[in-house]
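None of the values given here were measured: they were computed from a predicted structure.
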Amino acid sequence: MRTYIAIAEAGDGGSWWISFPGRDGIVSAADDAGQIVQQAQDALASAAMHGGRLPPSIKDEAAPPDDLSEFRSPAMVVVIPFAASVARAAAE
């Protein structure tokens with residue numbers, strides 16, 4: 001299992017937009033803060049199942065951005081645990 005860095009930024013009506021630094025195109029949304037981790041894992045699983053490259057993991061020395069000012073406030077860094085091998089096996 002690896003861990004990935006996601007950025008969750010406020011959407012409208014309590015929703016959250018989720019993105020992964022270092023990998024444009026892997027995005028998701030959550031209806032509320034309690035869904036952020038699951039939705040982020042689902043986005044990573046979808047990318048893995050469709051042959052997409054995952055963002056760098058923390059093990060690969062990925063670091064969160066130093067400045068979140070480019071994201072809609074409030075924004076937060078979220079650590080996402082994910083096992084890519086499980087997602088690939090499910091696709092087969």
Side-chain angles (χ1 to χ4, degrees):
M1 178 159 314
R2 291 186 178 235
T3 51
Y4 296 87
I5 295 169
I7 305 298
E9 58 188 301
D12 295 327
S15 64
W16 292 87
W17 294 105
I18 305 160
S19 60
F20 293 87
R23 190 62 62 225
D24 292 340
I26 301 177
V27 296
S28 191
D31 291 332
D32 59 55
Q35 295 179 342
I36 291 172
V37 172
Q38 181 62 53
Q39 291 300 109
Q41 289 171 329
D42 288 350
L44 290 171
S46 180
M49 285 191 295
H50 294 97
R53 288 187 11 227
L54 296 179
S57 71
I58 291 174
K59 182 177 180 179
D60 298 325
E61 300 184 16
D66 294 330
D67 181 10
L68 296 178
S69 63
E70 68 183 77
F71 299 96
R72 185 174 175 181
S73 184
M76 62 181 148
V77 174
V78 184
V79 175
I80 308 297
F82 179 70
S85 59
V86 173
R88 287 188 187 109
E92 295 174 352

Student: With no hydrogens and no angle check, is any side-chain donor or acceptor of Arg2 less than 3.5 Å from a backbone partner on Lys59?
Tutor: no

Student: Do Phe71 and Ile80 sit in one hydrophobic cluster, given that two such residues count as connected whenever their side-chain heavy atoms are within less than 4.5 Å of each other, even indirectly?
Tutor: no

Student: Please say whether more than 12 non-hydrogen atoms of neighbouring residues, nucleotides or ligands are located less than 6.0 Å from CG in Asp32.
Tutor: yes

Student: Measure across Tyr4 and Pro55 and return the closest heavy-atom pair with its distance rounded to 0.1 Å.
Tutor: CE2-O, 3.1 Å

Student: If you round to the nearest 0.5 Å, how far is CD of Gln35 from CH2 of Trp16?
Tutor: 12.5 Å

Student: Might you point out which heavy atoms bring Ala10 and Trp17 nearest each other, and give the distance in Å?
Tutor: O-CD1, 4.1 Å

Student: How long is the span from the CZ atom in Phe82 to the CG atom in Leu44, to the nearest 0.5 Å?
Tutor: 5.0 Å

Student: Please say whether more than 12 non-hydrogen atoms of neighbouring residues, nucleotides or ligands are located less than 6.0 Å from CG in Asp31.
Tutor: no

Student: Membership question, hydrophobic clusters at under 4.5 Å side-chain separation (ILVMFWY): are Ile36 and Val77 in the same one?
Tutor: no

Student: What residues, two or more places apart in sequence or in another chain, satisfy side-chain hydrogen bond (donor to acceptor under 3.5 Å, both in side chains) together with Arg72?
Tutor: Asp12

Student: When you compare the side chain of Ser46 with that of Ile26, does any pair of heavy atoms fall below 4.5 Å?
Tutor: no

Student: Considering all heavy atoms of both residues, which atom of Ile5 and which atom of Pro64 are nearest to each other, and what is their separation?
Tutor: CD1-N, 3.3 Å

Student: Leu54 and Ile7: same hydrophobic cluster, using ILVMFWY side-chain contacts below 4.5 Å?
Tutor: no

Student: Show the nearest heavy-atom pair for residues Pro21 and Ala6, with the distance to one decimal.
Tutor: CD-CA, 4.3 Å

Student: With side chains defined as the heavy atoms from C-beta onward, is the minimum distance between Ser28 and Asp42 less than 4.5 Å?
Tutor: no

Student: When hydrophobic residues are tied together by side-chain contacts of less than 4.5 Å, even through go-betweens, does Met49 share a cluster with Val27?
Tutor: no

Student: Which pair of non-hydrogen atoms, one from Phe20 and one from Ala43, has the smallest distance, and what is that distance?
Tutor: CE1-CB, 4.3 Å

Student: Are the side chain of Gln39 and the backbone N or O of Ala29 linked by a donor-acceptor pair below 3.5 Å?
Tutor: yes

Student: Between Met1 and Pro81, which heavy-atom pair has the shortest distance, and what is it?
Tutor: SD-CB, 3.6 Å

